[in-house]
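See structure below.
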Protein chains: 2
Amino acid sequence: MNELEVKDSILSVFPKLSESSLQSILQHATYLECSKGTKLITEGKRHRYFYFILKGSVKSYHQKKSKEICLWFGFKNELISTINTFEGEASTETIELLEDSILYCFETQAIRELAQTDIFISHWITELIIQHAKFLEERLNGLQFLTSLERYNFLIRNAPDILQKVSLTDIASFLGVSRETISRIRGQK
Amino acid sequence: MNELEVKDSILSVFPKLSESSLQSILQHATYLECSKGTKLITEGKRHRYFYFILKGSVKSYHQKKSKEICLWFGFKNELISTINTFEGEASTETIELLEDSILYCFETQAIRELAQTDIFISHWITELIIQHAKFLEERLNGLQFLTSLERYNFLIRNAPDILQKVSLTDIASFLGVSRETISRIRGQK
DNA sequence: GTAATGATTTGATAAATGTCACAAAATTTA
DNA sequence: TAAATTTTGTGACATTTATCAAATCATTAC
């Protein structure tokens with residue numbers, strides 16, 4: 001993957017970023033290839049980096065007793081972090097690669113320092129967090145208002161790729177129901 | 001309520017705001033007294049303002065068939081808006097006063113323009129949205145992992161005031177269970 | 001290819017919760 | 001204060017979903 005393709009990918013996330021701001025961001029980024037199962041962020045720990053997925057996918061989950069409960073999934077051309085990590089605190093979630101992936105790795109502190117003086121980067125960050133908040137609101141909506149069936153349908157309509165990459169067990173915990181229930185929902189179609 | 005008290009309240013939300021940034025924000029704000037039932041923001045409409053509660057409380061909800069489903073509650077010393085409203089889009093929720101309240105009313109567009117050039121205000125906004133996102137994550141956590149009983153206990157432990165100001169019906173829809181279930185949970189203590 | 005492992009499906013049962021109907025209590029209005 | 005209205009509580013029953021156990025299917029390792 002060459003530098004131009006990388007830039008294109010990143011600009012797809014926030015097209016308003018100026019060339020010079022993009023340059024200063026990219027100066028703090030590293031190209032990275034990691035294999036399936038790698039944990040980019042581990043629950044309970046602080047981490048210095050956030051990531052951009054050039055190719056591949058991740059799941060975010062947290063441990064509840066002996067079960068993993070999935071919070072979200074991330075795919076190509078998405079920025080990956082947790083709010084806690086971004087704020088320099090210990091993460092409440094673990095982020096793990098679902099397949100061998102190509103990443104861009106950013107040093108959080110360096111980017112935050114850029115945002116102290118570069119107002120465009122500050123706006124970029126605001127925008128990213130707004131996107132994240134909208135995602136959370138939509139998800140909350142689903143959990144609060146929709147039945148299991150409706151949530152499942154919503155998911156496969158809006159993100160059909162998920163079925164290819166994510167196990168049923170993970171999808172079930174993501175939707176907040178048991179594996180068996182999802183299996184039955186699926187069987188009735 | 002005098003100007004000094006107002007400033008104190010607002011600074012309690014983001015103490016890092018400089019005196020001059022605070023001044024420029026306050027220049028776009030209006031003191032406002034509204035009575036119970038007033039809708040600050042209405043589902044499906046665009047709105048020019050966001051609010052700060054100097055005294056009083058609000059609920060945010062959205063209509064599902066003929067039912068109101070509560071999304072959150074707001075109290076003294078909290079900033080009140082919806083992400084959509086803040087972004088200039090039509091709101092997906094309605095915000096209504098639970099009691100006669102005293103508000104500060106800010107013109108969203110003016111504040112956003114300040115944020116274009118005043119990096120401290122830009123950071124202030126980022127911080128506010130991060131707080132909102134953390135709230136959403138915590139709530140999502142509750143809906144996805146906790147039983148009704150655990151959610152109810154969590155709520156009254158973390159926000160006991162809610163019981164005084166909010167009806168059981170609203171609390172039930174907020175927790176994602178029926179009125180009757182909440183009533184029974186409460187009865188068993 | 002076969003065994004071993006892991007993932008998904010299916011069945012039976014129990015627990016939790018929703019729904020409907022109505023009673024009791026609290027609050028508001030006249 | 002009394003009546004009307006709204007809010008909350010309770011019982012009976014239906015529905016949904018979780019849980020546990022076992023069977024099937026798929027994948028990996030040898």
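Order of the sequence lines sets the chain letters (A, B, ...), proteins ahead of strands, with each chain counted from 1.
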Open item on the list: Main chain of A:Phe174, side chain of A:Arg151: is a donor-acceptor contact present, judged purely on distance under 3.5 Å?
Closed with: no
Task: Nucleic acid footprint by protein, nucleotides 8-20 of chain C - heavy-atom cut-off 4.0 Å, B for base, S for sugar-phosphate alone - done: BBBBB----SSBB
Open item on the list: Could you tell me how far apart B:Glu68 (CD) and D:dT6 (P) are, to the nearest whole angstrom?
Closed with: 13 Å
Task: Side-chain donor or acceptor of B:Glu93 paired with backbone N/O of B:Ile41 under 3.5 Å - done: no
Task: Value in whole Å for how far the P atom of C:dA7 lies from CD of A:Gln164 - done: 18 Å
Task: Test applied, side-chain contact (heavy atoms from CB on, under 4.5 Å); reference residue, B:Phe52; option that passes from B:Ile25, B:Asn77, B:Leu103, B:Leu32 - done: B:Asn77
- [ ] Determine, for nucleotides 22-30 of chain D in 5'-to-3' order, which nucleotides have protein heavy atoms under 4.0 Å from the base (write B), from only the sugar-phosphate (write S), or from neither (write -).
- [x] ---------
- [ ] Please indicate whether B:Gln23 has more than 12 foreign heavy atoms, meaning atoms of other residues, nucleotides or ligands, lying under 6.0 Å from its CD.
- [x] yes
TODO: Give the ring-plane orientation class for B:Phe135 versus B:His132, where under 30° counts as parallel, over 60° as perpendicular and anything between as tilted.
DONE: parallel
Open item on the list: Could you check whether any side-chain N or O of B:Asp118 sits under 3.5 Å from a backbone N or O of B:Leu114, counting only pairs where one atom can act as donor and the other as acceptor?
Closed with: no
TODO: Could you point out which residue of A:Leu128, A:Ile111, A:Thr85, A:Ile80 forms a side-chain contact (heavy atoms from CB on, under 4.5 Å) with A:Phe50?
DONE: A:Ile111
- [ ] Please confirm whether the backbone N or O of A:Cys70 pairs with a side-chain atom of B:Gln144, one donor and one acceptor, at under 3.5 Å?
- [x] yes
